[in-house]
Amino acid sequence: MRKFGKALLFAVLLGLTLLICYPVWVVLTGAFSSQWELEANLSPVFTNAEGMAVWSALPAAPTLQSLVEVLLDSPGFFTMFWNSAVISLGILAGQLLIAVPAAWALARFPLRGKKAILTIYIVLMLMPFQVLMFPQYLVLRGFGLLDTLGAVILPAIFSTFPVFILHRFFLAIPQQVLEAARLDGAGELRIFCQIAIPLGAPGILSVGILTFLDSWNMIEQPMTYLKTKTLWPLSLFLPEIGIGDMGMGFAASLLMLVPALLLFLGCQEYLEQGIALSGGKD
């Protein structure tokens, strides 16, 4: 009976895994499919043609045409790719510069009202972007930042999520370690740089990975604050694709997936370690 239960659980988990991976497989095979095959399979989705859309497990006639077209004949793609990189790296750098010291201060300094501040952080973290969109729009317009990459980067660097996560990591550092450092003559800045940051490295890396992935895929903020197409990130390039450019759309989707996938695979160990530590410590 136990073997049957394990087999059933394995089958369910395998089915869920295949279901989750199916969209990635569609993107991968679509990037190597010919334009005529994509139009034949997906025309009911993009046009008023009768019937249902179908998808083949493998392309009938694999081709590199779409990838070549995106990489060699689409300068706009590289402009948007660069914009995505600037936005993601700008948000990442800004969040770490603000969140790491803020989390350390809330975790280790005897500040009045820390619980109230953390409660406000949690409330702000639960608010969706749509709630704060209009106030942010007015502030950015007042500073003359609309239709600039700074309009997307600036509000995001003050996100409460990294502060909330890193606060738990810094709380887990033993107080005895800090007291020993103070007895040895270390100042607060030295303790922060030489003890807090190295011991909190798993949390900092986890936050950095999640921040980059979220920034790389954001779509509502650029759509709201950016009107000039030369400033658009890749996330706004894909909705412009029509039935005549489906091959380019799948190829661009695949290329957009590559940086995030490489980052995740390269830092998976740190991400898992950081999530496990944040969930297992009081």
Side-chain angles (χ1 to χ4, degrees), residues 86-129 131-132 135-136 139-140 143 150 152-218 221 260 263-264 266-282:
V86 171
I87 290 173
S88 301
L89 295 176
I91 292 174
L92 175 61
Q95 282 194 8
L96 293 181
L97 286 174
I98 293 175
V100 176
W104 176 251
L106 289 173
R108 289 302 180 180
F109 289 172
L111 303 175
R112 290 185 178 181
K114 286 198 300 184
K115 292 185 178 180
I117 295 175
L118 287 173
T119 301
I120 294 174
Y121 266 65
I122 295 174
V123 172
L124 292 174
M125 187 173 61
L126 296 176
M127 284 186 179
F129 164 74
V131 176
L132 302 175
Q136 288 181 1
V139 172
L140 293 171
F143 282 101
V152 181
I153 296 173
L154 187 62
I157 66 176
F158 296 101
S159 172
T160 59
F161 172 75
V163 178
F164 176 76
I165 296 298
L166 292 176
H167 172 263
R168 293 177 59 85
F169 278 91
F170 291 145
L171 276 179
I173 297 177
Q175 184 64 28
Q176 295 85 344
V177 175
L178 305 181
E179 293 297 336
R182 293 189 179 99
L183 290 175
D184 289 339
E188 295 300 326
L189 181 59
R190 185 177 178 185
I191 291 175
F192 173 69
C193 294
Q194 297 186 2
I195 296 179
I197 293 181
L199 293 180
I204 296 174
L205 288 172
S206 299
V207 167
I209 296 169
L210 295 175
T211 295
F212 181 86
L213 295 178
D214 182 64
S215 304
W216 185 260
N217 295 312
M218 65 168 48
Q221 293 88 334
L263 178 65
F264 177 79
C267 303
Q268 184 178 4
E269 180 181 352
Y270 301 103
L271 181 60
E272 292 176 352
Q273 182 182 3
I275 293 175
L277 291 174
S278 65
K281 293 182 179 179
D282 296 327

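Only this structure's heavy atoms are used, side chains among them; waters, hydrogens and symmetry mates stay out.
A heavy-atom distance below 4.5 Å is not found between the side chains of Phe170 and Leu199. In this structure, Ile204 and Phe169 have side chains that are not in contact, with every pair of non-hydrogen atoms separated by 4.5 Å or more. Side-chain contact between Ile191 and Arg108 is absent, with no heavy-atom pair separated by less than 4.5 Å. Proximity of Gln175 to Leu178: side-chain heavy atoms (C-beta onward) are separated by under 4.5 Å at one or more points. The shortest side-chain heavy-atom distance between Pro155 and Leu140 falls under the 4.5 Å cut-off.
Atom CZ of Arg190 is surrounded by 12 or fewer heavy atoms from other residues, nucleotides or ligands within 6.0 Å.
For the residue pair His167 and Ala103, the shortest heavy atom distance occurs at N-CB, 3.6 Å. Pairing each heavy atom of Val207 with each of Pro162, the nearest pair is CG1-CB, 3.3 Å. Counting all heavy atoms, side chain and backbone alike, Phe164 lies closest to Met125 at CD2-CE, 3.7 Å. Of all heavy-atom pairs spanning Leu96 and Pro101, the tightest one is O-CD, 3.8 Å.
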TODO: Could you walk me through whether Ile87 and Gln221 pass side-chain contact (heavy atoms from CB on, under 4.5 Å), step by step?
DONE: CA-CA 11 Å; Ile87 290 173; Gln221 293 88 334; over 6 Å; no
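Judged by distance alone, the side chain of Arg182 and the main-chain N or O of Gly187 form no donor-acceptor pair under 3.5 Å.
Classification of the Trp104-Phe192 ring pair by plane angle, with boundaries at 30° and 60°, yields tilted.
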